[in-house]
Amino acid sequence: MSLEAIKFDSQRVTLEILNQLLVPYDTQYLSVRSMVPCDGDTSFSGYEAIRGMYTRGAPAIMLVGCFSVVVELDRVINKNDNPFGYKLDDLAEFKAQLEQRIDFLVESRPTAVNLLNGCNQMKKIIQDAQSMRELYSGVLDFTIRLYRDDLESNYSIGANGVKYIYEELEKEGFTGEFSVMTICNTGSLATSGYGTALGIIRALHKEAQTNPTRMSHVYACETRPYNQGSRLTAYELQYEKIPFTLVTDNMVSFLVDSLVRQKTDRALPSAAPIKFIIVGADRIVKNGDLANKIGTFQLSLIASLYPSIKFIGAAPTTTIDFTRKSGDEIVIEQRPKNELTEIMGAALDKDGSFVQGKDGIQLQKVRMAPAGIDVWNPSFDVTPHENIDCIVTEKKYFLKKDGVFNLE
Ligand SMILES: CSC[C@H]1O[C@H](OP(=O)(O)O)[C@H](O)[C@@H]1O
């Protein structure tokens, strides 16, 4: 498996997260020892790890958030380390304080619903606990199970995605090679491992080893401004030796049109026609409207112009929000302006190799726009269910009936 986003040691009760701001330049893990910042405690918290996008990806956000509750409780209940001011002699008061901190944690990235869903389930365990010991072991067992279930879900999403894709190809009588496109990062670095949309791509690559009708090329969108595609998905696809080409987000319509019309005089990386655009999700609501990384909606608009291209959303059930009826109800996270006007990279010397600083590869942030300008930086957009052909979860793949999805 490629780099792990999350390392939890259940014996030592320690949580380490891969600092994804440094991928693919460097591999550094950061120790998370609390759930949210607190006066009197200098540890790096789950809230800061998530808000700062050191770790990201809807399922990974849920897992890091829930594991950060576990490590904080371990310090307080098992290691007599309570800089958080918990009332240890009053269980009801302790629970109230804990839930207040969990509610703050959940606000770290408001669009992805997985952390909210995970914490709501955790709060039920907290409310039912009759002792501190029972509360701690209940939260620990729940979170370890959540991690394992997410990994299992990803393999099932991969299998269900391949099932849908090959049934579509057979219906069409398509044989031979095809290409797919994806945006952002939905792989091992966004989950407990394997991935959702990238899990389907991993599963397609495995199928391609034996099936002559096969995925032979992937187009990965750069995914400005955080560059999950060029930094993280490119890393994972290169690691898996899956043939791919990186494109900028503003190349997509011209690339898709050139592929569909087989304009081979445009130096296309592969002649394999594009058949599927496969994306992840941060929140899918009852009717199938899907919030995902900014740029996803545009991909769906492009796909909708070509009947030969199917648009697939892939996510575990923990990403589905049955309390909201339409995508208009989804809160879209606005990110800091400097994430668009500045970019971090690894310094290169004249022969193109990384410049080594005193702590390893020398990273540097550069400004890419004038200071003081206005910036709009929504982290997500909403793809209407009308533009989506299929939603794949670990349970099955869902198609629309009478124009809407029933995801129950
Ligand atoms: C497997 S869910 C990944 C999902 O999360 C990403 O957003 P971010 O990197 O800002 O956390 C993106 O929307 C992906 O589709």
Side-chain angles (χ1 to χ4, degrees), residues 2 5-6 17-21 23 46 49-65 108-118 147 150-151 153-158 161 181-202 220-236 249 277-284 290-300 311-321 327 330-336 339-340 377-383 388 391-394:
S2 72
I6 304 162
I17 62 159
L18 175 67
N19 180 353
Q20 297 196 28
L21 295 172
V23 178
I50 294 165
R51 183 70 200 145
M53 290 183 72
Y54 293 88
T55 197
R56 31 62 53 199
I61 288 168
M62 169 186 73
L63 295 167
V64 169
S108 50
R109 296 201 66 198
T111 301
V113 73
N114 309 58
L115 178 58
L116 174 66
N117 283 344
Y147 182 89
D150 183 64
L151 189 57
S153 290
N154 293 341
Y155 284 101
S156 300
I157 290 170
M181 179 177 284
T182 193
I183 188 169
C184 200
N185 173 258
T186 58
S188 298
L189 300 178
T191 65
S192 54
Y194 200 69
T196 57
L198 206 54
I200 293 176
I201 290 172
R202 281 188 161 102
C221 296
E222 178 186 37
T223 320
R224 286 279 296 141
Y226 186 92
N227 289 25
Q228 290 94 331
S230 56
R231 294 191 302 111
L232 309 179
T233 295
Y235 163 81
E236 290 201 49
D249 308 327
I277 296 180
I278 312 170
V279 304
D282 292 80
R283 190 183 296 237
I284 302 174
L290 178 150
N292 196 53
K293 186 49 49 196
I294 188 78
T296 304
F297 178 36
Q298 279 177 176
L299 296 192
S300 79
F311 191 87
I312 302 170
T317 305
T318 51
T319 305
I320 302 179
D321 176 0
I330 299 174
V331 170
I332 298 297
E333 175 190 359
Q334 296 296 327
R335 296 280 315 167
E339 290 185 357
L340 206 154
N377 186 14
S379 195
F380 303 99
D381 57 26
V382 178
T383 297
I388 301 170
I391 291 177
V392 182
T393 75
E394 72 282 5

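Residues: numbered from 1 along the sequence shown. Whatever order the structure lists ligands and atoms in, that order sets their numbers, starting from 1.
Of all atoms in ligand 1, listed by their number and element, those nearer than 4.0 Å to a heavy atom of Ala281 are 2 (S), 15 (O). Taking a cut-off of under 4.0 Å to the non-hydrogen atoms of Met53, the atoms of ligand 1 that pass are 10 (O).
Here's the thing with Pro59: none of its N/O atoms is less than 3.5 angstrom from an N/O atom of ligand 1. Where the criterion is an N or O separation shorter than 3.5 Å, residue side chain and backbone included, Arg109 meets it with respect to ligand 1. Backbone and side-chain nitrogen or oxygen atoms of Arg56 are examined, and one is located within less than 3.5 angstrom of a nitrogen or oxygen of ligand 1. No N or O atom of Thr196 sits closer than 3.5 Å to an N or O atom of ligand 1.
Checking side-chain atoms of Asp381 against main-chain N and O of Phe297 turns up a donor-acceptor pair under 3.5 Å. The backbone N or O of Arg51 lies less than 3.5 Å from no partner atom in the side chain of Ser108, so there is not a single donor-acceptor pair. Using a distance-only test at 3.5 Å, with no hydrogens or angles considered, no donor-acceptor pair links the side chain of Glu339 to the main chain of Pro225.
Contact annotation for Tyr226 and ligand 1: no heavy atom of the residue comes within less than 4.0 Å of the ligand. Contacts of Asn185 with ligand 1, taken as heavy-atom pairs under 4.0 Å, involve the backbone alone. Counting heavy atoms under 4.0 Å from ligand 1, residue Ala112 does not touch it at all. Proximity of Gln228 to ligand 1, defined as any heavy-atom pair under 4.0 Å, is confined to the side chain (atoms from C-beta onward).
A cation-pi arrangement is absent between Arg202 and Tyr155 under the rule of less than 6.0 angstrom and at most 45 degrees off the ring axis.
Residue, atom and distance of the protein heavy atom nearest to atom 6 (C) of ligand 1 are Cys184 SG, 3.7 Å. Regarding atom 14 (C) of ligand 1, its nearest protein heavy-atom neighbour is Asn292 OD1, 3.5 Å. Of the protein's non-hydrogen atoms, the one nearest atom 13 (O) of ligand 1 is Asp282 OD1, 2.4 Å.
Applying the side chain to side chain contact (heavy atoms under 4.5 Å, CB included) test between Asp150 and each of Thr191, Ile6, Asn114 identifies Thr191 as the sole match. When each of Gln334, Lys293, Arg335 is tested with Ser379 by the rule side chain to side chain donor-acceptor pair (under 3.5 Å), just one qualifies, namely Lys293.
For the pair Ala5 and Leu189, the tightest heavy-atom approach, listed with the atom from each and the gap, is CB-O, 3.8 Å.
Ion pair Asp321/Arg283 flagged as a salt bridge, since at least one NZ, NE, NH1 or NH2 atom sits closer than 4.0 Å to an Asp/Glu carboxylate oxygen.
Other residues, nucleotides and ligands contribute only 12 or fewer heavy atoms inside 6.0 Å of the CD atom of Gln298.
Ligand 1 lies nowhere less than 4.0 angstrom from a heavy atom belonging to Glu333.
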